[in-house]
Protein chains: 2
Amino acid sequence: MPDITDQRFTPHDHRRCIKAAVAEATRICNERNGRLTEQRKRVLELVWGSHQPIGAYTILEQLRSEGFNGAPPTVYRALEFLLDHGLIHRIESLNAYTGCSHPGDEHTGQFLICSRCHEVTELDDPAVSRAITHSSASIGFAATHQVIEIRGLCSHCQALPHDQ
Amino acid sequence: MPDITDQRFTPHDHRRCIKAAVAEATRICNERNGRLTEQRKRVLELVWGSHQPIGAYTILEQLRSEGFNGAPPTVYRALEFLLDHGLIHRIESLNAYTGCSHPGDEHTGQFLICSRCHEVTELDDPAVSRAITHSSASIGFAATHQVIEIRGLCSHCQALPHDQ
DNA sequence: TGAAAGTTGTTATACTATAACATAACAACC
DNA sequence: GGTTGTTATGTTATAGTATAACAACTTTCA
Ligand SMILES: [Zn+2]
Ligand SMILES: [Zn+2]
Ligand SMILES: [Zn+2]
Ligand SMILES: [Zn+2]
(Lines give C-alpha, C1' and ligand atoms only; values in the text may rest on other atoms or scores of the structure.)
(Ligands and ions follow the chains in the order given, each with its own letter.)
Protein backbone atom coordinates (compact mmCIF):
# COMPACT_ATOMS: atom_id res chain seq x y z
CA MET A 1 0.00 0.00 0.00
CA PRO A 2 1.36 3.36 -0.94
CA ASP A 3 2.28 5.72 1.85
CA ILE A 4 -0.18 8.53 1.46
CA THR A 5 1.66 10.62 3.99
CA ASP A 6 4.62 10.61 1.73
CA GLN A 7 3.53 11.01 -1.83
CA ARG A 8 0.59 11.50 -4.07
CA PHE A 9 -1.62 8.48 -3.86
CA THR A 10 -2.23 8.37 -7.56
CA PRO A 11 0.55 5.98 -8.41
CA HIS A 12 3.43 7.62 -10.16
CA ASP A 13 7.17 7.67 -10.04
CA HIS A 14 7.70 10.69 -7.91
CA ARG A 15 11.43 10.75 -8.50
CA ARG A 16 10.57 11.92 -11.97
CA CYS A 17 8.58 14.83 -10.52
CA ILE A 18 11.63 15.89 -8.54
CA LYS A 19 14.04 15.44 -11.40
CA ALA A 20 11.86 17.38 -13.77
CA ALA A 21 11.43 20.21 -11.28
CA VAL A 22 15.17 20.51 -10.75
CA ALA A 23 15.89 20.37 -14.46
CA GLU A 24 13.32 23.03 -15.17
CA ALA A 25 14.65 25.19 -12.33
CA THR A 26 18.19 24.84 -13.63
CA ARG A 27 17.09 25.95 -17.07
CA ILE A 28 15.18 28.93 -15.72
CA CYS A 29 18.01 30.06 -13.48
CA ASN A 30 20.48 29.83 -16.32
CA GLU A 31 18.24 31.96 -18.46
CA ARG A 32 18.24 34.78 -15.99
CA ASN A 33 21.60 34.41 -14.33
CA GLY A 34 20.09 33.26 -11.08
CA ARG A 35 22.47 31.02 -9.21
CA LEU A 36 20.87 27.74 -8.26
CA THR A 37 23.53 26.80 -5.73
CA GLU A 38 23.79 23.36 -4.20
CA GLN A 39 21.95 24.46 -1.11
CA ARG A 40 19.15 26.07 -3.03
CA LYS A 41 18.84 23.06 -5.23
CA ARG A 42 18.72 20.78 -2.20
CA VAL A 43 15.96 22.88 -0.63
CA LEU A 44 14.05 22.76 -3.88
CA GLU A 45 14.35 18.98 -3.90
CA LEU A 46 13.07 18.81 -0.33
CA VAL A 47 10.11 21.04 -1.15
CA TRP A 48 9.45 18.65 -3.99
CA GLY A 49 9.88 15.70 -1.63
CA SER A 50 6.15 15.15 -1.84
CA HIS A 51 3.04 16.82 -3.12
CA GLN A 52 2.26 18.01 0.37
CA PRO A 53 3.41 21.46 1.43
CA ILE A 54 6.40 21.43 3.74
CA GLY A 55 7.30 23.86 6.53
CA ALA A 56 10.60 25.69 6.77
CA TYR A 57 11.56 23.95 9.99
CA THR A 58 10.83 20.53 8.56
CA ILE A 59 13.18 21.36 5.74
CA LEU A 60 15.75 22.43 8.30
CA GLU A 61 15.41 19.13 10.17
CA GLN A 62 15.87 17.17 6.98
CA LEU A 63 18.96 19.16 6.03
CA ARG A 64 20.38 18.54 9.49
CA SER A 65 19.71 14.83 9.21
CA GLU A 66 21.92 14.96 6.14
CA GLY A 67 24.80 16.45 8.07
CA PHE A 68 24.10 20.07 7.34
CA ASN A 69 24.75 22.23 10.34
CA GLY A 70 22.79 25.38 9.70
CA ALA A 71 20.21 27.68 11.14
CA PRO A 72 16.78 28.94 10.09
CA PRO A 73 18.02 31.90 8.04
CA THR A 74 19.74 29.58 5.62
CA VAL A 75 16.49 27.81 4.86
CA TYR A 76 14.47 30.99 4.65
CA ARG A 77 17.01 32.52 2.28
CA ALA A 78 16.84 29.54 -0.02
CA LEU A 79 13.04 29.66 0.10
CA GLU A 80 13.12 33.36 -0.67
CA PHE A 81 15.31 32.75 -3.68
CA LEU A 82 13.04 30.00 -4.95
CA LEU A 83 9.95 32.14 -4.38
CA ASP A 84 11.52 35.11 -6.15
CA HIS A 85 12.24 32.99 -9.18
CA GLY A 86 8.78 31.47 -9.24
CA LEU A 87 10.03 27.96 -8.53
CA ILE A 88 7.92 27.39 -5.44
CA HIS A 89 4.82 28.88 -3.85
CA ARG A 90 4.00 29.73 -0.27
CA ILE A 91 0.71 28.43 1.08
CA GLU A 92 -0.39 31.20 3.42
CA SER A 93 -3.01 29.22 5.28
CA LEU A 94 -0.46 26.55 6.19
CA ASN A 95 2.76 28.52 6.63
CA ALA A 96 4.26 26.05 4.24
CA TYR A 97 5.81 25.78 0.81
CA THR A 98 5.08 23.72 -2.25
CA GLY A 99 6.72 23.25 -5.63
CA CYS A 100 5.38 25.24 -8.53
CA SER A 101 3.99 22.96 -11.14
CA HIS A 102 4.68 25.24 -14.06
CA PRO A 103 7.46 27.63 -13.13
CA GLY A 104 8.82 30.30 -15.36
CA ASP A 105 5.87 32.48 -16.14
CA GLU A 106 4.67 34.98 -13.60
CA HIS A 107 1.60 33.74 -11.83
CA THR A 108 0.21 33.40 -8.36
CA GLY A 109 -1.51 30.07 -8.55
CA GLN A 110 -4.67 28.63 -7.14
CA PHE A 111 -4.27 25.80 -4.68
CA LEU A 112 -6.57 22.91 -3.93
CA ILE A 113 -5.66 21.47 -0.54
CA CYS A 114 -7.09 18.12 0.47
CA SER A 115 -8.22 18.12 4.09
CA ARG A 116 -7.60 14.43 4.38
CA CYS A 117 -4.35 13.57 2.57
CA HIS A 118 -3.01 17.12 2.64
CA GLU A 119 -1.85 17.01 -0.92
CA VAL A 120 -1.96 20.18 -2.94
CA THR A 121 -2.85 20.58 -6.56
CA GLU A 122 -2.04 23.80 -8.32
CA LEU A 123 -4.57 25.21 -10.72
CA ASP A 124 -4.27 28.28 -12.83
CA ASP A 125 -7.70 28.72 -14.24
CA PRO A 126 -7.91 32.05 -16.06
CA ALA A 127 -11.67 32.01 -15.51
CA VAL A 128 -11.12 32.21 -11.76
CA SER A 129 -8.58 35.02 -12.05
CA ARG A 130 -10.86 36.85 -14.40
CA ALA A 131 -13.84 36.52 -12.09
CA ILE A 132 -11.79 37.96 -9.25
CA THR A 133 -10.29 40.79 -11.27
CA HIS A 134 -13.71 41.64 -12.57
CA SER A 135 -15.36 41.52 -9.18
CA SER A 136 -12.61 43.67 -7.65
CA ALA A 137 -12.82 46.19 -10.45
CA SER A 138 -16.53 46.54 -9.90
CA ILE A 139 -15.78 48.37 -6.68
CA GLY A 140 -12.75 50.20 -8.06
CA PHE A 141 -10.10 47.92 -6.62
CA ALA A 142 -7.06 47.22 -8.79
CA ALA A 143 -5.91 43.70 -8.01
CA THR A 144 -2.22 42.86 -8.39
CA HIS A 145 -1.84 39.55 -6.57
CA GLN A 146 -4.26 36.81 -5.60
CA VAL A 147 -4.06 34.35 -2.73
CA ILE A 148 -6.43 31.51 -3.48
CA GLU A 149 -6.35 28.44 -1.27
CA ILE A 150 -9.23 26.03 -1.50
CA ARG A 151 -9.92 23.30 1.04
CA GLY A 152 -11.88 20.20 0.34
CA LEU A 153 -11.46 16.59 -0.63
CA CYS A 154 -9.44 15.43 -3.57
CA SER A 155 -11.03 12.92 -5.88
CA HIS A 156 -9.17 10.02 -4.34
CA CYS A 157 -10.16 10.86 -0.78
CA GLN A 158 -13.79 11.37 -1.72
CA ALA A 159 -13.92 7.74 -2.74
CA LEU A 160 -12.87 6.54 0.69
CA PRO A 161 -15.19 5.78 3.62
CA HIS A 162 -15.65 8.83 5.81
CA ASP A 163 -13.98 7.38 8.87
CA GLN A 164 -10.89 6.24 7.11
CA MET B 1 -6.52 65.43 7.15
CA PRO B 2 -8.00 62.11 8.10
CA ASP B 3 -5.70 59.59 9.65
CA ILE B 4 -5.57 56.85 7.08
CA THR B 5 -3.69 54.60 9.42
CA ASP B 6 -6.62 54.61 11.73
CA GLN B 7 -9.78 54.41 9.75
CA ARG B 8 -11.21 54.11 6.31
CA PHE B 9 -10.35 57.19 4.33
CA THR B 10 -13.77 57.45 2.82
CA PRO B 11 -15.24 59.80 5.41
CA HIS B 12 -17.68 58.12 7.70
CA ASP B 13 -18.52 57.98 11.34
CA HIS B 14 -16.67 54.86 12.29
CA ARG B 15 -18.21 54.71 15.74
CA ARG B 16 -21.38 53.72 13.97
CA CYS B 17 -19.58 50.82 12.30
CA ILE B 18 -18.47 49.59 15.71
CA LYS B 19 -21.85 50.07 17.33
CA ALA B 20 -23.64 48.31 14.52
CA ALA B 21 -21.22 45.39 14.64
CA VAL B 22 -21.69 44.95 18.38
CA ALA B 23 -25.46 45.22 18.11
CA GLU B 24 -25.56 42.67 15.35
CA ALA B 25 -23.24 40.36 17.28
CA THR B 26 -25.40 40.65 20.37
CA ARG B 27 -28.46 39.72 18.38
CA ILE B 28 -26.77 36.75 16.75
CA CYS B 29 -25.37 35.44 20.01
CA ASN B 30 -28.74 35.72 21.69
CA GLU B 31 -30.31 33.75 18.89
CA ARG B 32 -27.99 30.84 19.41
CA ASN B 33 -27.25 31.03 23.09
CA GLY B 34 -23.71 32.09 22.50
CA ARG B 35 -22.42 34.16 25.36
CA LEU B 36 -20.98 37.45 24.21
CA THR B 37 -19.18 38.19 27.46
CA GLU B 38 -17.66 41.57 28.26
CA GLN B 39 -14.26 40.39 27.22
CA ARG B 40 -15.43 38.93 23.96
CA LYS B 41 -17.38 42.06 23.23
CA ARG B 42 -14.34 44.20 23.97
CA VAL B 43 -12.19 42.12 21.63
CA LEU B 44 -14.84 42.45 18.96
CA GLU B 45 -14.78 46.22 19.39
CA LEU B 46 -11.01 46.27 19.10
CA VAL B 47 -11.11 44.17 15.94
CA TRP B 48 -13.62 46.70 14.65
CA GLY B 49 -11.35 49.54 15.81
CA SER B 50 -10.55 50.22 12.17
CA HIS B 51 -11.03 48.69 8.76
CA GLN B 52 -7.50 47.39 8.88
CA PRO B 53 -6.89 43.86 10.10
CA ILE B 54 -5.43 43.69 13.58
CA GLY B 55 -3.07 41.12 15.09
CA ALA B 56 -3.76 39.18 18.26
CA TYR B 57 -0.84 40.75 20.08
CA THR B 58 -1.92 44.25 19.15
CA ILE B 59 -5.29 43.46 20.66
CA LEU B 60 -3.51 42.20 23.76
CA GLU B 61 -1.51 45.43 24.03
CA GLN B 62 -4.63 47.50 23.76
CA LEU B 63 -6.41 45.46 26.40
CA ARG B 64 -3.42 45.90 28.67
CA SER B 65 -3.39 49.64 28.13
CA GLU B 66 -6.93 49.58 29.48
CA GLY B 67 -5.84 47.91 32.68
CA PHE B 68 -6.49 44.34 31.67
CA ASN B 69 -3.84 42.03 32.96
CA GLY B 70 -4.06 38.99 30.77
CA ALA B 71 -2.08 36.69 28.57
CA PRO B 72 -2.24 35.56 24.94
CA PRO B 73 -4.65 32.66 25.50
CA THR B 74 -7.35 35.06 26.63
CA VAL B 75 -7.18 36.94 23.36
CA TYR B 76 -6.97 33.84 21.22
CA ARG B 77 -9.97 32.35 23.00
CA ALA B 78 -12.04 35.41 22.37
CA LEU B 79 -10.95 35.43 18.73
CA GLU B 80 -11.85 31.76 18.45
CA PHE B 81 -15.31 32.43 19.80
CA LEU B 82 -15.84 35.30 17.39
CA LEU B 83 -14.56 33.24 14.48
CA ASP B 84 -16.78 30.31 15.40
CA HIS B 85 -19.82 32.53 15.42
CA GLY B 86 -18.94 34.16 12.12
CA LEU B 87 -18.44 37.60 13.66
CA ILE B 88 -14.90 38.11 12.43
CA HIS B 89 -12.62 36.65 9.80
CA ARG B 90 -9.00 35.68 9.89
CA ILE B 91 -6.77 37.01 7.11
CA GLU B 92 -4.34 34.17 6.54
CA SER B 93 -1.79 36.13 4.58
CA LEU B 94 -1.47 38.68 7.38
CA ASN B 95 -1.95 36.60 10.52
CA ALA B 96 -4.57 39.13 11.47
CA TYR B 97 -8.26 39.49 12.07
CA THR B 98 -10.96 41.71 10.67
CA GLY B 99 -14.62 42.28 11.40
CA CYS B 100 -17.15 40.46 9.27
CA SER B 101 -19.24 42.90 7.34
CA HIS B 102 -22.33 40.72 7.19
CA PRO B 103 -22.23 38.21 10.00
CA GLY B 104 -24.83 35.59 10.60
CA ASP B 105 -24.89 33.56 7.45
CA GLU B 106 -22.22 31.01 6.83
CA HIS B 107 -19.65 32.29 4.37
CA THR B 108 -15.94 32.48 3.96
CA GLY B 109 -15.54 35.88 2.41
CA GLN B 110 -13.28 37.34 -0.24
CA PHE B 111 -10.93 40.04 0.91
CA LEU B 112 -9.50 42.97 -0.99
CA ILE B 113 -6.42 44.21 0.84
CA CYS B 114 -4.95 47.57 -0.13
CA SER B 115 -1.17 47.44 -0.29
CA ARG B 116 -0.92 51.11 0.57
CA CYS B 117 -3.48 51.94 3.26
CA HIS B 118 -3.90 48.34 4.41
CA GLU B 119 -7.63 48.57 4.62
CA VAL B 120 -9.67 45.51 3.84
CA THR B 121 -12.94 45.29 2.02
CA GLU B 122 -14.96 42.13 2.21
CA LEU B 123 -16.65 40.91 -0.92
CA ASP B 124 -18.88 37.91 -1.32
CA ASP B 125 -19.33 37.64 -5.01
CA PRO B 126 -21.14 34.40 -5.84
CA ALA B 127 -19.63 34.55 -9.32
CA VAL B 128 -16.16 34.18 -7.82
CA SER B 129 -17.20 31.29 -5.56
CA ARG B 130 -18.92 29.64 -8.45
CA ALA B 131 -15.91 29.99 -10.73
CA ILE B 132 -13.76 28.35 -8.07
CA THR B 133 -16.19 25.56 -7.27
CA HIS B 134 -16.58 24.86 -10.94
CA SER B 135 -12.87 24.92 -11.64
CA SER B 136 -12.19 22.60 -8.68
CA ALA B 137 -14.92 20.22 -9.73
CA SER B 138 -13.43 19.97 -13.20
CA ILE B 139 -10.57 17.96 -11.71
CA GLY B 140 -12.78 16.12 -9.25
CA PHE B 141 -12.00 18.22 -6.19
CA ALA B 142 -14.89 18.90 -3.80
CA ALA B 143 -14.32 22.36 -2.33
CA THR B 144 -15.61 23.09 1.16
CA HIS B 145 -13.87 26.30 2.15
CA GLN B 146 -12.19 29.07 0.19
CA VAL B 147 -9.40 31.41 1.26
CA ILE B 148 -9.41 34.36 -1.10
CA GLU B 149 -7.20 37.32 -0.32
CA ILE B 150 -6.56 39.82 -3.05
CA ARG B 151 -3.83 42.45 -2.94
CA GLY B 152 -3.91 45.65 -4.88
CA LEU B 153 -4.82 49.29 -4.58
CA CYS B 154 -8.15 50.50 -3.34
CA SER B 155 -9.87 53.17 -5.38
CA HIS B 156 -8.75 55.93 -3.06
CA CYS B 157 -5.10 54.95 -3.11
CA GLN B 158 -5.07 54.60 -6.88
CA ALA B 159 -5.89 58.27 -7.12
CA LEU B 160 -2.81 59.28 -5.13
CA PRO B 161 0.64 59.96 -6.58
CA HIS B 162 2.75 56.83 -6.60
CA ASP B 163 5.32 58.06 -4.14
CA GLN B 164 2.87 59.15 -1.55
C1' DT C 1 45.07 41.07 -8.00
C1' DG C 2 41.75 43.55 -5.88
C1' DA C 3 37.33 45.62 -5.36
C1' DA C 4 32.34 44.81 -5.69
C1' DA C 5 28.58 41.88 -5.41
C1' DG C 6 26.49 37.92 -3.93
C1' DT C 7 26.11 33.96 -0.76
C1' DT C 8 26.42 31.61 3.56
C1' DG C 9 27.41 31.29 8.66
C1' DT C 10 26.12 32.62 13.31
C1' DT C 11 23.78 34.52 17.18
C1' DA C 12 20.15 36.57 18.97
C1' DT C 13 15.50 37.87 19.00
C1' DA C 14 10.76 39.02 17.35
C1' DC C 15 6.32 37.47 16.33
C1' DT C 16 2.40 34.12 16.33
C1' DA C 17 -0.06 30.45 18.63
C1' DT C 18 -1.22 26.62 21.78
C1' DA C 19 -0.70 23.02 25.71
C1' DA C 20 -1.76 22.10 30.23
C1' DC C 21 -3.66 22.81 34.38
C1' DA C 22 -5.85 25.88 38.05
C1' DT C 23 -9.55 28.86 39.36
C1' DA C 24 -13.77 31.35 38.89
C1' DA C 25 -18.39 32.36 37.15
C1' DC C 26 -22.69 30.68 35.65
C1' DA C 27 -26.97 27.82 35.18
C1' DA C 28 -30.05 24.45 36.46
C1' DC C 29 -31.79 21.31 39.44
C1' DC C 30 -32.98 19.40 43.94
C1' DG D 1 -29.76 27.97 49.42
C1' DG D 2 -26.48 24.34 48.36
C1' DT D 3 -24.87 20.97 44.94
C1' DT D 4 -23.28 19.93 40.64
C1' DG D 5 -22.06 20.05 35.88
C1' DT D 6 -20.66 23.34 32.39
C1' DT D 7 -18.55 27.15 30.49
C1' DA D 8 -15.28 30.85 30.80
C1' DT D 9 -11.07 32.85 32.45
C1' DG D 10 -6.42 33.03 34.66
C1' DT D 11 -1.65 31.52 34.59
C1' DT D 12 2.68 29.54 33.28
C1' DA D 13 5.28 27.51 30.09
C1' DT D 14 6.44 26.31 25.58
C1' DA D 15 5.86 25.37 20.58
C1' DG D 16 6.15 27.11 15.96
C1' DT D 17 7.30 30.61 12.40
C1' DA D 18 10.28 34.29 10.76
C1' DT D 19 13.79 38.00 10.62
C1' DA D 20 17.58 41.42 12.24
C1' DA D 21 22.27 42.19 12.39
C1' DC D 22 26.78 41.39 11.54
C1' DA D 23 30.77 38.34 10.21
C1' DA D 24 33.01 35.38 6.95
C1' DC D 25 33.47 33.42 2.71
C1' DT D 26 32.98 32.96 -2.71
C1' DT D 27 32.30 34.41 -7.14
C1' DT D 28 32.72 37.75 -10.73
C1' DC D 29 34.92 40.68 -13.46
C1' DA D 30 37.52 44.82 -14.31
ZN1 LIG E 1 4.88 13.61 -7.98
ZN1 LIG F 1 -6.90 13.71 -0.53
ZN1 LIG G 1 -16.08 52.24 9.56
ZN1 LIG H 1 -5.87 52.01 -0.01
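Computed from heavy atoms alone, side chains included, the values below leave out hydrogens, waters and symmetry copies. So you know, we letter chains A, B, ... as the sequences are listed, proteins then strands, and number each from 1.
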Please find the pair of heavy atoms, one from B/Arg40 and one from B/Leu82, that lie closest to each other, and give the distance.
O-CD1, 4.0 Å

Nucleotide nearest B/Tyr57 (side chain, heavy atoms from C-beta), chosen from C/dA17, D/dT7, C/dG6:
C/dA17

Could you tell me how far apart B/Leu36 (CG) and D/dT7 (P) are, to the nearest whole angstrom?
17 Å

Tell me: CG of A/Leu60 to P of D/dT19, nearest whole Å?
15 Å

According to the interplanar angle, ranging from 0 to 90°, do the rings of A/His51 and A/His12 count as parallel (below 30°), tilted (30 to 60°) or perpendicular (above 60°)?
tilted

Nucleic acid contacts of residues 77-93 of chain A, taken as heavy-atom distances under 4.0 Å to DNA chain D
A/Arg77, A/Arg90

Is the number of heavy atoms from other residues, nucleotides or ligands within 6.0 Å of NE2 (A/His102) greater than 12?
yes

Of all of residues 67-76 of chain A, which get a heavy atom below 4.0 angstrom from DNA chain D, listed by number?
A/Pro72, A/Pro73, A/Tyr76

Taking for each residue the nucleotide of DNA chain D bearing the nearest heavy atom, is the 5' side occupied by A/Asn95 or by A/Arg35?
A/Asn95

Separation of C/dA24 P from B/Gln39 CD (nearest whole Å)
15 Å

Does the distance from a Lys or Arg side-chain N to an Asp or Glu carboxylate O, for A/Glu92 and A/Arg90, drop under 4.0 Å?
yes

Salt-bridge test for B/Glu24 and B/Arg27: reply yes if a basic N is under 4.0 Å from a carboxylate O, no otherwise.
yes

Would you call B/Glu45 and B/Lys41 a salt bridge, taking side-chain N to carboxylate O under 4.0 Å as the test?
no

Heavy atoms from other residues, nucleotides or ligands near CZ of B/Arg32 exceed 12 (cutoff 6.0 Å)
yes

Distance in angstrom units between A/Glu61 CD and D/dG16 C1', rounded
11 Å

What heavy-atom pair brings B/Glu122 and B/Gly109 nearest, and what distance separates the two atoms?
OE2-CA, 3.9 Å

Measure from CD on A/Glu38 to C1' on D/dT27 and round the result to the nearest Å.
15 Å

